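Proteins come first, then strands; the chains are lettered A, B, ... in the order of their sequence lines, and each starts at number 1. Everything quoted here is computed from the prediction, not taken from an experiment.
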2 protein chains.
Amino acid sequence: MSEPRAIAVQIGPISPAAPGALYQQIVTGFKREIGEGRLAGGIALPSFRLLAEQLLVSIITVRRAYEELEREGIIYRRQGLGTFVAADGRERSRAAKRGHAEALIRLAVQEATEAGLSPAQAKAFVSRVTTETLSEAKACKAPTLSKSAA
Amino acid sequence: MSEPRAIAVQIGPISPAAPGALYQQIVTGFKREIGEGRLAGGIALPSFRLLAEQLLVSIITVRRAYEELEREGIIYRRQGLGTFVAADGRERSRAAKRGHAEALIRLAVQEATEAGLSPAQAKAFVSRVTTETLSEAKACKAPTLSKSAA
DNA sequence: CCAACTGTATATGTTATATATACACACCAG
DNA sequence: CTGGTGTGTATATATAACATATACAGTTGG
């Protein structure tokens, strides 16, 4: 008997037009799924071929993404067996997201300062955009109450 | 008589190791200098060859950067004459910085949310990092009181 | 053992970046 | 007006990251 195997469609959408490399989009998607607990430790990720087929990318691109996730300790690979979420994958994924978020904020503050905003103005600007983004995100999840296919 | 010509050394440091393409680093540097008013409208930017020599990059890389800045309406080029800061270069530069900052914040908030933070926690996290960054930036400018060469 | 899955490795094409070199335009000294 | 020296401009070339196809190697279960 083996671990349950995750479905892949939740990772998308992956697109060459989207910002960032294809493999990076896959990495980001899995960090989200693992970080939010939808892929628990021990769960097997989709195989290279399956995910490649579903996302319309090559096997090597999937491999590249999995390599990156393994380098960060979020998943591990076993030849002939498959690829699995690490026991502490969720924590590591969340830590990576937090670190990334912090770096982005620091950049944003620097940009705001260089845009001519005073420290107080910069703080207000960041606060306003943050609140806006949070309320928009909430709005996107609320209307999902209509009946959908099982 | 011609417009004064700006010096280049303030743009750096430019490095292949730094994040982003070389030409992009140059773009960012000029947006900062123009946005903060140190390069006013009408001022001539350094020539391709001079800047290339000072930054240890090729002429084409400088050209690439200037093309990008012209596309955003921050500077304009005149063959045989030189490259100049646009009349509204400062405003456009600041607007670009603000837009960039806003995009970064939205990304950061999304990452923070996917890291498992609640909206309230995300807001607190953003606020804390913002304050930290601002105080660090202030600390870097204060100690510049020692005597320096004229 | 063999078939059918897994992940792995090598060679190749495409694109973005960075470069060197040669060219065209504008000003100014003579 | 003519040439020199400074501008920006254009073409062809090297390098690195990204993405791909194809062939290889390990694991499992009939």
Atom-to-atom span, [atom1] of [X] to [atom2] of [N] - whole angstrom:
{"X": "A:Leu50", "N": "C:dC5", "atom1": "CG", "atom2": "P", "result": "12 Å"}
{"X": "B:Glu68", "N": "C:dT17", "atom1": "CD", "atom2": "C1'", "result": "14 Å"}
{"X": "A:Ile14", "N": "D:dT20", "atom1": "CD1", "atom2": "P", "result": "12 Å"}
{"X": "A:Leu51", "N": "C:dG7", "atom1": "CG", "atom2": "P", "result": "10 Å"}
{"X": "B:Gln25", "N": "C:dT17", "atom1": "CD", "atom2": "P", "result": "12 Å"}
{"X": "B:Leu22", "N": "C:dA16", "atom1": "CG", "atom2": "P", "result": "17 Å"}
{"X": "A:Glu53", "N": "D:dT20", "atom1": "CD", "atom2": "P", "result": "14 Å"}

Identify the heavy atoms of A:Gln121 and A:Ser118 that sit nearest to each other, and give their distance.
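For A:Gln121 and A:Ser118, the tightest heavy-atom pair comes out as OE1-N, 2.9 Å.
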Need to verify one output field. Residue with the more 5' nearest nucleotide on DNA chain C, B:Gly20 or A:Tyr66?
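Its nucleotide being nearer the 5' end, the pick is A:Tyr66.
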What residues, two or more places apart in sequence or in another chain, satisfy salt bridge (Lys or Arg N to Asp or Glu O under 4.0 Å) together with B:Arg49?
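B:Arg49 satisfies salt bridge (Lys or Arg N to Asp or Glu O under 4.0 Å) with no other residue.
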A:Glu102 bridged to A:Arg106 by N-O distance under 4.0 Å:
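Looking at A:Glu102 and A:Arg106, the cut-off is met.
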Ignoring backbone atoms, test whether B:Thr83 places a side-chain nitrogen or oxygen under 4.0 Å from the OP1 or OP2 oxygen of D:dG8.
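So the side chain of B:Thr83 is within the cut-off, an N or O lying under 4.0 Å from OP1 or OP2 of D:dG8.
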D:dT20, OP1 or OP2 - any side-chain N/O from A:Thr61 closer than 4.0 Å?
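Checking A:Thr61 against D:dT20: at least one side-chain N or O falls below 4.0 Å of OP1 or OP2.
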Classify B:Tyr23 by what it touches in the nucleic acid, base, sugar-phosphate, or nothing, heavy-atom distance under 4.0 Å.
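Sugar-phosphate, backbone atoms only, no base.
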Under 3.5 Å, which donor-acceptor pairs do the side chains of residues 59-66 of chain A form with other protein atoms, sequence neighbours left out?
residue, atom, partner, partner atom, Å
A:Thr61, OG1, A:Ser58, OG, 3.4
A:Arg63, NE, A:Glu67, OE2, 3.4
A:Arg63, NH2, A:Glu67, OE2, 2.9
A:Tyr66, OH, A:Pro46, O, 2.9

Please tabulate, one pair per line, all N/O donor-acceptor pairs under 3.5 Å involving side-chain atoms of residues 17-26 of chain A, not counting sequence neighbours.
residue, atom, partner, partner atom, Å
A:Gln25, OE1, A:Ser15, N, 3.1
A:Gln25, NE2, A:Ser15, O, 2.8
A:Gln25, NE2, A:Gly20, O, 3.2

Distances under 3.5 Å only, N/O to N/O: pair up the protein atoms with those of nucleotides 9-13 of chain D.
residue, atom, partner, partner atom, Å
D:dT9, OP2, B:Arg63, NH1, 3.4
D:dT9, OP2, B:Arg77, NH1, 2.9

Give the table of side-chain donor-acceptor pairs shorter than 3.5 Å for residues 74-82 of chain B, with sequence neighbours excluded, one pair per line with atom names and distance.
residue, atom, partner, partner atom, Å
B:Arg77, NE, B:Glu70, OE1, 2.9
B:Arg77, NH2, B:Glu70, OE1, 2.6

If the condition is side-chain contact (heavy atoms from CB on, under 4.5 Å), which residues does B:Glu68 pass it with, not counting sequence neighbours?
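For B:Glu68, the residues satisfying side-chain contact (heavy atoms from CB on, under 4.5 Å) (neighbours in sequence not counted) are B:Val27, B:Arg71, B:Glu72.
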Nearest listed nucleotide, side chain of B:Ser47, among D:dA21, D:dG8, D:dT27
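Among D:dA21, D:dG8, D:dT27, the one nearest the side chain of B:Ser47 is D:dG8.
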